[in-house]
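Just below is one structure, and these are the notes that go with it.
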Amino acid sequence: MNTTPSRTTTPSTTTPPAGTTDPAEGSADAVTEEATAKDSLVKDPAPKDATGTPSDAADSGTAPDDLAGQSADEDDDDDDALEPDPFDEARHGVGAGAAAVVSAALGVVALTGAWTGRVAAERETLIGQIQTSGGGSAAQQISEIYGDAWHTTALVNGVFAVLALLVGVFVLVRPAFGAPSERPQPTWVRAVALAGVALGVLGVLISAGMYFDLFVSLPTAGAPAGG
């Protein structure tokens, strides 16, 4: 019979030799380093160069946006350049329009008469009365007092008619001479100028008929009755 007490064996804890690492600790360190690398990639996706500026990849990513912005600005500038200036549109044709209105007004004056014509007619009447005050025949009195005043009125109206005709023709033919214009002459200017030309031609015809007694002849004195 063995009286020696039985000995229980305990697992021995051995210390790894110096310079070796525990496999569990090595795997934990690898996992930690991998997680740190992933965090750094998430926080700073664009690498930077030595000076702290973003790399060329980031610059190439923003370049299309800059080009798109520049092209949009150029398109806006082109649109502004193509749009007509309202002040230029308002100034275009002002002189020609004013001349056309003047031509039409002169044509109306040539047909209706002006105060200058009446004043000139009254002056001729006064001169005729002075010349025939010392005596004269009836035909001479009619010619000096009435005929000269009638012809003077026709002459003054004819001058206004010729001016209306010349100004209207000048407005119509002006675009054909001088520096060519980018925009055509406004329609209303041509219409008013044509009206002035028409009134001028009509005034010239009427004035010529009055001056040469084509429409109405001067009155004639009857022969004196024999005694």
Between [atom1] on residue [X] and [atom2] on residue [Y], distance to nearest 0.5 Å:
| X | Y | atom1 | atom2 | result |
| --- | --- | --- | --- | --- |
| Ile127 | Ile145 | CD1 | CD1 | 12.0 Å |
| Gln131 | Gln129 | CD | CD | 11.0 Å |
| Thr125 | Ile130 | OG1 | CD1 | 11.0 Å |
| Leu165 | Ser103 | CG | OG | 7.5 Å |
| Thr187 | Arg190 | OG1 | CZ | 4.5 Å |

Check residues 201-219 and write down every donor-acceptor pair under 3.5 Å in which the side-chain atom is one partner and the other belongs to a residue at least two apart or another chain.
unit_1, atom_1, unit_2, atom_2, d
Ser207, OG, Gly158, N, 3.1
Ser207, OG, Gly203, O, 2.8
Asp213, OD1, His151, NE2, 3.1
Asp213, OD2, His151, NE2, 3.4

Could you check whether any side-chain N or O of [X] sits under 3.5 Å from a backbone N or O of [Y], counting only pairs where one atom can act as donor and the other as acceptor?
| X | Y | result |
| --- | --- | --- |
| Ser143 | Gln140 | no |
| Gln185 | Val171 | yes |
| Thr152 | Asp148 | yes |

Are Val173 and Leu194 co-members of a hydrophobic cluster defined by side-chain heavy atoms under 4.5 Å apart? yes

Using the rule that Ile, Leu, Val, Met, Phe, Trp and Tyr join whenever any side-chain heavy atoms are under 4.5 Å apart, tell me whether Val159 and Val156 fall into a single cluster. yes

Verify side-chain contact (heavy atoms from CB on, under 4.5 Å) between Val197 and Leu172, making sure each step is shown before the conclusion. CA-CA 9 Å; Val197 171; Leu172 293 177; 4.2 Å; yes

Could you pull out all donor-acceptor pairs under 3.5 Å where a side-chain atom in residues 104-120 meets a protein atom, sequence neighbours excluded?
unit_1, atom_1, unit_2, atom_2, d
Thr112, OG1, Val108, O, 2.9

Worked check of side-chain contact (heavy atoms from CB on, under 4.5 Å) between Val192 and Trp188: CA-CA 6 Å; Val192 176; Trp188 70 270; 4.2 Å; yes

